[in-house]
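First comes the structure, then the notes that go with it.
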Amino acid sequence: MINTITILGGKSRAGIPEAVERIDLNMGDVVSIVGPTGSGKTTLINDLELFADANTQTGRRVLINNERPPLEYRDNPAMNPIALITQHTTFLSDLPVVDFLTAHAGIRAVKKSQVEEMIQKTLDFANELTGEPIVLTSRMTELSGGQTRALLIADATIICNTPIVLLDEVENAGINRTRAMELLRQYRKIFIFVTHDPRIALLSDYRIVMQGGSITQVLYTNEEERTFSHKVSKLDDLLSAMRDKIRFGERLTTHELEGLA
Amino acid sequence: MKLAICAGPATTGKSSVLRHMIRKLQAAGDNVAFLKVDVQFAEEDEIFAKEFGIPTRKVYSGELCPDHCNVMVLGDALQWAEKSGANILLVETAGLCLRCSPYVDGGLGMIVIEATSGTNLPLKIGPMLSLADVAVVTKIDRVSQAEREVFRSRIQDVAPNVKVREVNALYGIGIDPLVDAIHNQADTWDKMLLRGNPPVGTCTICVGKKEIGWQAHFGVVRSLENQNFYRGE
């Protein structure tokens with residue numbers, strides 16, 4: 001049973017000790033990792049995936065429940081508590097969605113009788129995130145980008161059921177992010193988003209700020225940001241509405257931003 | 001001398017996996033020698049020699065079965081590695097034959113396969129997988145968790161005793177257990193044997209008869225409707 005993951009700071013690329021010496025991620029936390037391109041976000045994700053023990057370039061250490069993680073986590077892929085979804089991650093299978101999910105649920109389910117329920121839950125979850133509902137009989141390869149991303153997240157959350165889910169820049173995928181954050185919060189896991197998206201960052205409990213290869217700050221979302229996040233979401237929605245209008249050959253007017261006031 | 005033989009289809013990331021392993025083995029104080037066996041083209045020997053300053057060799061199998069070419073040359077190669085001052089010999093082979101394997105008893109057998117090759121791949125590649133000690137699965141960041149898990153479970157279906165190790169060879173994630181496996185490997189001994197039972201070796205096509213249709217062939221043949229049968233004296 002995992003309760004906390006701890007990141008113990010290492011050194012920046014210049015050899016300077018990280019400003020943040022220790023971060024405890026607790027079960028149920030929704031966390032963002034932010035920072036400019038090249039600031040070391042992917043390296044931090046890699047340290048987590050590797051359960052770094054001062055044996056990576058950064059010198060960081062990762063603890064689970066305050067202890068060195070069991071070797072099994074590292075050695076046995078079936079025991080690894082982390083599910084990873086990157087921007088490159090996709091489905092390759094050309095099976096119908098239902099067959100595909102049945103194969104996966106069949107491996108994960110403790111009892112055969114759970115399989116059907118797991119599939120339905122996964123489908124419902126995914127369909128809340130995507131504009132165009134996924135049909136169980138359509139082939140995996142026929143899914144749109146948004147549907148694929150939605151199903152990846154739903155499958156990792158419900159069928160994989162790993163206690164830690166890493167999502168690396170999944171925002172550009174055409175899914176309902178606010179709804180995703182709400183739904184994910186119903187599952188007691190640690191969700192870690194690598195993101196450039198203010199909407200996801202503000203809906204997180206806190207954000208880990210990276211620069212020059214090291215963790216410089218941990219910023220908890222404060223009351224002001226929490227209130228303001230509604231406006232940020234609104235602005236984001238307005239932008240996507242405008243994007244849709246452009247897509248469908250319409251003209252934009254100055255009225256587009258009126259909803260913001 | 002410790003020996004590891006690494007097989008796997010082309011472009012799955014064998015060389016990338018071995019590169020990370022060599023780096024880590026060197027850091028642990030090991031002296032590595034590297035032998036590459038391929039059919040007609042390879043340059044890993046030159047690349048690794050330059051990158052790591054280690055003794056390397058390459059053999060083109062040409063007309064020989066590449067998986068077994070290494071069995072032919074392995075005796076000499078172990079002596080060469082010994083003379084070069086190495087304590088570990090890594091052999092990389094193309095691994096093209098799905099009816100037999102290039103592994104030997106007395107050495108670690110590693111297959112490198114990519115998660116992106118479809119969830120049925122483990123069911124298709126026979127002894128190259130089932131006779132290995134470790135199945136290294138690469139490109140894990142490219143496929144969904146679901147496919148990763150189905151892929152893994154298919155490997156265990158056909159090869160329950162093979163240890164599955166997932167790696168991201170881009171960032172060197174998952175390499176440490178492979179390094180441990182080599183360290184824990186017993187030293188090689190004299191008179192080592194090829195692992196598993198070789199397939200029927202008397203194929204008339206392999207010896208150069210090109211006529212179409214089983215009627216033109218002899219030895220173990222088969223027609224479309226029948227299983228293998230023997231034709232001849």
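Proteins come first, then strands; the chains are lettered A, B, ... in the order of their sequence lines, and each starts at number 1.
Ranked by heavy-atom pairs shorter than 4.5 Å toward chain B, the options Leu152(A), Leu101(A), Asn46(A) are led by Asn46(A). Most heavy-atom pairs under 4.5 Å with chain A, from the set Val164(B), Ile175(B), Leu178(B), Val137(B): that is Val164(B).
Proximity to chain A is absent for every atom of Ala27(B), based on heavy atoms less than 4.5 angstrom apart. Residue contact with chain B, scored on non-hydrogen atoms closer than 4.5 Å, is absent for Thr43(A). Both the backbone and the side chain of Leu84(A) come within less than 4.5 Å of a heavy atom of chain B. Of the two parts of Ile45(A), neither the backbone nor the side chain holds a non-hydrogen atom closer than 4.5 Å to a non-hydrogen atom of chain B. Interface residue Thr116(B): backbone and side-chain heavy atoms are both found under 4.5 Å from chain A. Of the atoms belonging to Asp176(B), heavy atoms from both backbone and side chain fall under 4.5 Å from chain A. Of the two parts of Leu92(A), the backbone and the side chain both hold a non-hydrogen atom closer than 4.5 Å to a non-hydrogen atom of chain B. When heavy atoms are compared at a cutoff of 4.5 Å, Arg152(B) approaches chain A solely by way of its side chain, counted from C-beta outward.
Formation of a donor-acceptor pair under 3.5 Å by the Lys14(B) side chain with backbone atoms of Cys6(B) is not found in this model. No donor-acceptor pair under 3.5 Å is formed between the side chain of Gln145(B) and the backbone N or O of Asp155(A).
Contact annotation: the side chain of Glu169(A) never approaches that of Thr86(A) to less than 4.5 Å [non-hydrogen atoms, C-beta and beyond].
With Ile182(B) as reference, Ile88(B) is the one residue of Ile88(B), Asp30(B), Leu3(B) to meet the side-chain contact (heavy atoms from CB on, under 4.5 Å) rule.
Between the side chains of Glu92(B) and Ser15(B), at least one donor N or O sits under 3.5 Å from an acceptor N or O. For the residue pair Glu147(B)/Ser144(B), the side-chain donor-acceptor check at 3.5 Å is satisfied.
Using cut-offs of 30° and 60° on the angle between ring planes, the pair Phe100(A) and Phe91(A) is perpendicular.
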